[in-house]
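Everything on this sheet refers to the single structure shown next.
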Amino acid sequence: MTDLRSVTILIPGKLHGHSVARIRDTFNLVELDRIDPALIGEELKASVRGVAASPAIGGGMIDRAFMSALPGLEIVANFGVGYDGVDARWAGEHGVVVTNTPDVLTEEVADTAVGLLINTVRELTKAEAWLRDGRWKRDGNYPLTPLTLRDRKVGIFGMGRIGLAIAKRLEAFGLPIAYHNRRQVEGLDYAYHDTLEGLASAVDTLVSVAPGTPATAKAVNAKVLSALGPDGVFVNIGRGSTVDEAALAAALSDGTIAAAGLDVFADEPNVPQALLDAPNTVLLPHVGSASEYTRRAMADLVVDNLIAWFGKGKPLTPVAETASVPARHTD
Ligand code: DGY
C-alpha cells in the first residue's frame, strides 16, 4: 500500500481551501505562487507526482511546458468540469492522467443558467436597481419588459450532463427544446441539428454549455447570431472562448439579436468594454458553480481523485483524453 504521506502533490496558484487542507492532511503538500515552471526548483522537479490546480478559475495554464518540467508526474487533478486550462491531450499522450469534477456541479450550473436566462429576458437586475434608486416612488412602475420567456424556443449548444439538466428545467417551464452537439445523443427526444447555425435558425433562445476546445473556438459567430434573429436571446454558461465576442457586441448593438446573458468570457476577468456598455446584457463574473455547497463538493472530488489514484491505482473521474492511461499502482 502506497504511503500517501510520502507522495508529493504540487498546488500551483490558488485552489479551494478545502482541497488544500485535505491535501495537506493526506499527502506531502508543496505550494507555488502561480502556475509557472520557472518557479519549480530542481529538487521539487524530481519529487512531484501529482498536481492539483484550478486554472479555469484561478488563471494560468497547465500546459506541456509545465507538465514536462515534472518528470515524475502521474496525475493532474483539475478543479472544475471544464479542463481547457490543462493540455489533456499532451497529458494522455505522455501517460499522465487528468481528472475533472463532473456531476457534483451539474444542478448548480443548470440552476444558474436558468436564473441568468430569466434575468436576461425579464430585466430583474435593472428592475431592482429601479427600486433601490427610488424610481418606483418617483417615476412609478418599472416599464414592461419587451422580452419574455413565454413562447420561446430553446436551443442548447452542448448536450452533455449540464445541457441536459438545463433542458429538463426549461422543458418544465413549457418550452420546446432542440440541441446541437458533436453527435446526436442516443435516446434523447429533443430535435437534433447537426450544425450550430441550423439550430440557431430553428430557435430564438440559444444557451451555450459548450466546452472550450479548438473545435468550439468562436463557434458562436456573426452567422450564428444572425440566424438567431432579432428576438434572439443568447446565454453563455460554458466557456467564453466559444464566442466571437466582437461579433456578439456588434449583434447586440445593431439589433441582430435582442439580448445576452453571459457568465463566462474569453479573457477572464477582463470583460470587453463593448459588452459592459451594451444595455441589453446581463453579465456575471463566472459564478455558474460558485456556491459554498457546490465548490466544497468539487474540492472534495479533486482530492478523492488523488487518493483513488495513489491509493488504488484508478482515478474516479478521468477525462476522455486520458481515460486509457494505465493504472500504475495496484498494491
Ligand atoms: C467549471 O467547472 O468548469 C466551471 O466553469 C467552474 O465553475
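Just so you know, residue 1 is the first one in the sequence shown, and it goes up from there. All ligand and atom numbering here is 1-based and tracks the order in the structure. Values in this document were obtained by computation on a predicted structure and should not be read as measured data.
- Between the Arg89 side chain and the Glu321 main chain, no donor and acceptor come within less than 3.5 Å of each other.
- Annotation: side chain of Asp87 is not in contact with side chain of Phe66 (no heavy-atom distance under 4.5 Å).
- Heavy-atom contacts of Ser289 reach the following atoms of ligand 1: 6 (C), 7 (O) (cutoff under 4.0 Å).
- Atoms of ligand 1 lying under 4.0 Å from at least one heavy atom of Gly82, given by number and element, are 1 (C), 2 (O), 3 (O).
- When only non-hydrogen protein atoms are considered, atom 1 (C) of ligand 1 lies nearest to Val81 N, 3.4 Å.
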- Query: Which is it for Tyr179 and Phe157 under the ring pair (Phe, Tyr, Trp, His ring centres under 6.0 Å) test, yes or no, and what are the steps along the way?
  - Reply: CA-CA 6 Å; Tyr179 71 102; Phe157 174 30; over 10 Å; no

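- At a heavy-atom cutoff of 4.0 Å, ligand 1 is contacted by the side chain of Leu105 but not by its backbone.
- Considering backbone and side-chain atoms together, Thr101 places no N or O closer than 3.5 Å to any N or O of ligand 1.
- Here the CG-NZ distance, from Leu131 to Lys137, works out to 9.5 Å after rounding to the nearest 0.5 Å.
- Residue Arg295 has at least one heavy-atom neighbour below 4.0 Å for each of these atoms of ligand 1: 7 (O).
- Ion pairing of Asp204 with Lys153 is absent here, as no side-chain N (NZ or NE/NH1/NH2) approaches a carboxylate O to less than 4.0 Å.
- The atoms of ligand 1 that sit less than 4.0 Å from any heavy atom of Ile57 are 6 (C).
- Closest to atom 4 (C) of ligand 1, if we only count protein heavy atoms, is His286 NE2, 3.7 Å.
- Here the OG1 atom belonging to Thr317 is positioned 8.0 Å from the CG atom belonging to Asp103, to the nearest 0.5 angstrom.
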